[in-house]
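One structure is given below, encoded as structure tokens.
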Number of protein chains: 2
Amino acid sequence: MAKVTQQDIAKVLGVSVMTVSNAFNRPDQLSADLRERVLERAAKMGYTGPDAVARQLRSGRTNTFAVVFEERLSYAFSDPFSVAWLAAFSEVMERKRASITLLSVPAADVDALVAIQDAAVDGVAGLCGDQPAMARARERGLPTVYCTRTSEPGSEQAGDYVVIDDYAAGFEVGQYLRRLGHQRVFLLAGAAYAGQPPMKEYHRGDLDTSDHLRISGVLEGLGGAEVTIIPMGTNSSTAGRAAGVAVLDRRDRPTAVIAVSDVMALGFMDACRQRGLEPGRDISVVGFDDLPESAAGGLTTIHQPVRDKGRLAAELLLDPQRPDRRIVLPHELIVRSSTHPVA
Amino acid sequence: MAKVTQQDIAKVLGVSVMTVSNAFNRPDQLSADLRERVLERAAKMGYTGPDAVARQLRSGRTNTFAVVFEERLSYAFSDPFSVAWLAAFSEVMERKRASITLLSVPAADVDALVAIQDAAVDGVAGLCGDQPAMARARERGLPTVYCTRTSEPGSEQAGDYVVIDDYAAGFEVGQYLRRLGHQRVFLLAGAAYAGQPPMKEYHRGDLDTSDHLRISGVLEGLGGAEVTIIPMGTNSSTAGRAAGVAVLDRRDRPTAVIAVSDVMALGFMDACRQRGLEPGRDISVVGFDDLPESAAGGLTTIHQPVRDKGRLAAELLLDPQRPDRRIVLPHELIVRSSTHPVA
DNA sequence: CCGCGTCTCTTTAACGATACAGACGGTCGA
DNA sequence: TCGACCGTCTGTATCGTTAAAGAGACGCGG
């Protein structure tokens, strides 16, 4: 059987198509009696209600928003930071009866950009930075919001954002460790830098801007301390554990280690304990993000308001009139037991 | 500026609209030269590529699939079982360049069913059972796949599914504990039963079918043992911990506790340890699902192939021709250290 | 020189709905 | 009694695209 349309119903009942449409969407536009007849007839004919796509085309709105990820979607569900953001984002969307489309657009995969092209959405958000997918979305005329600082602050930004001041956060971490007397610090750097050796001199390479800002801030805050940067291929607790191997068995073991994210820092702490080293006594460890598990693990870290990021991103998309569309949220250094002064 | 359409470009170039469309979608249908001109002109005029919605309407496919949840979306991201399923599901979708729309349709909220109506998707899947949202989707003519047994096995099922035999799984658990000599067993039951007192006699109430089947199986497998059912309002580790209070301080403390899910069982084990009771020595604990963390925690449980569930659900949606659309996957009792014979 | 296939491009007709501007009869105040 | 207004319903024009079939030109083999 072919699909039943409003037109079919109209023809059978001898009314106009518009009346059928109104029966479904605007009850006040026709008599209760006729409306009743239309609905009844529609049910009898097996009409399944207005077609979502047709309605979207005509009305120009989809009531759906895309969330883009730079990684595979399974990463989005496994990274605690990403999950927390997504939860906050979805709570707002849910309340407004809007739905969410998940889009995976790996930076490496140019073809994946068509996913942005083909997405029937009213806007695009991402926990990521202002990646090509965002730019593509803006070219399509869609509002975008990203949540990780990508360009240098002050430089001209194209889309809306909700970020923190990663440089200042890094600076606070560096300064804090310097005050504790740390002179030899290792820095576990994020997802770029595949397979490179440790560096004594910082060069940015392909690093994400937010990581770059954190690192620059840390270096500045540390002043003249001796810093070695360990490039990790990926941002995960596995990478953090692997870093244990690269760092803990060295003769010139650092007195403090900073990871650009908590997942890495927590993995690194695992590695420490496996070797009988207690973070906060034998070595200091600092992270960024402040995940729920970081509190339990006693990790000193930069708290970042991830739920606010998610919530505000959703609100910006839902309300295009809202002023203040470029938001820098406050962060905070949370000192816990994983750091200690140098003896 | 108003939106630029293929029609506008066609008019300017003096070609037909179809030619413009073909320039974007079917390069072999026009000369390379003309195609070049069209694309160039389009770019110059600020054309953003074919409109996703219009294309969907015309072609009748959206290349998007909905995932429905009975709970708030934030639950979907926080429950490990749900996350694992989603990851597997999304991997398949991603590979086929299809996208995923998340829909929250709480059973309580009747209005939320319109979300199904308004979703522009080619099919609907869910980790949940065959809830009203699924039925609604089928009324719309959409294929559906659910992954938690809802109707009794053998009864007529309307939609496709990928499930396990929850009754048999429960039976194995019961039988196993009986062999270990357990005579007094408490059963932590799932998300229905809000605020009810423990029961000596099992009555099903509003329980999900899969939980019902598990419990029936357990009871059968346990034979004549004394069983008390503790209704938990929700399925979470918090609920499991709360159960500790309800169970561990009683005079007639059971020798074994079965939870209908691992999250609850793990929470309960926490509560045990907080009271100085070691699971597998002082009390036996069994769960269902076999989460990654269950292995680490030493929890005896029923392994259920959650990734296969997700993967197959996606494959069924993507390939409507595939035979065998009602799948019962194997499960397995995994014995770990949380269970022991009665002294 | 004719017929036929090929390459390009055009024409026509949807896809299924809603916005917008009437039309028509009846009521009501002046 | 007249015009304004209201409640109902209709007709038409899109929304932006693509499917399907057709039309003209050109080359090529017979």
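In what follows, chains are A, B, ... by sequence order, proteins preceding strands, each numbered from 1.
The outermost nucleotides of DNA chain D lying under 4.0 Å from heavy atoms of chain B, listed 5' to 3', are D/dG16 to D/dA20.
Shown for residues 24-37 of chain B: residues whose heavy atoms fall under 4.0 angstrom of DNA chain D, namely B/Asn25, B/Arg26.
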For nucleotides 13-15 of chain C, tabulate all protein N/O to nucleotide N/O atom pairs closer than 3.5 Å, reporting atom names and distance.
residue	atom	partner	partner atom	Å
C/dA14	N3	B/Arg58	NH1	2.9

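A donor-acceptor pair under 3.5 Å is formed between the side chain of A/Ser82 and the backbone N or O of A/Ala76. Of the possible donor and acceptor atoms, none in the side chain of B/Arg149 sits under 3.5 Å from a partner among the backbone N and O of B/Gly129. With hydrogens and angles disregarded, a donor-acceptor distance shorter than 3.5 Å links the side chain of A/Arg140 to the backbone of A/Ile116. Not a single donor-acceptor pair under 3.5 Å links the side chain of A/Asp118 to the backbone N or O of B/Ala52.
Every side-chain hydrogen bond (donor to acceptor under 3.5 Å, both in side chains) that A/Asp308 has, sequence neighbours left out, goes to A/Arg311.
We find that A/Arg37 and A/Glu40 are not joined by a salt bridge, their nearest charged nitrogen and carboxylate oxygen being 4.0 Å or further apart.
Backbone-only contact: A/Val15 has heavy atoms under 4.0 Å from sugar-phosphate atoms and none from a base. Among the atoms of the strands shown, base atoms are found under 4.0 Å from some heavy atom of A/Thr19.
Recorded end-axis angle for the helix from C/dC1-D/dG30 to C/dA30-D/dT1 stands at 40°, based on five pairs per end and rounded to 10 degrees.
Remark: aromatic rings of A/Phe89 and A/Trp85 are close, center separation under 6.0 Å. Between A/Phe77 and A/Phe69, the gap from one ring centroid to the other reaches at least 6.0 Å.
Residue pairs meeting the salt bridge (charged side-chain N to carboxylate O under 4.0 Å, His left out) criterion with at least one partner in residues 101-111 of chain B, sequence neighbours excluded, are A/Arg97-B/Asp109.
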Take A/Asp8 and A/Lys3, measure what salt bridge (charged side-chain N to carboxylate O under 4.0 Å, His left out) needs, and give me the verdict at the end.
-> CA-CA 9 Å; A/Asp8 301 328; A/Lys3 186 167 185 175; over 6 Å; no
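The line from OG of A/Ser74 to CD of B/Glu94 is 6.5 Å long, rounded to the nearest 0.5 Å.
Between C/dT10 and B/Ser16, a contact under 4.0 Å exists linking OP1 or OP2 to a side-chain N or O.
The aromatic rings of B/Tyr146 and B/Tyr161 lie tilted to each other, with the angle between the two planes from 30° to 60°.
With hydrogens and angles left out, the side-chain atoms of A/Gln56 and A/Thr62 include no donor and acceptor closer than 3.5 Å.
The CD atom of B/Gln6 sits 16 Å away from the P atom of C/dC9 (whole-angstrom rounding).
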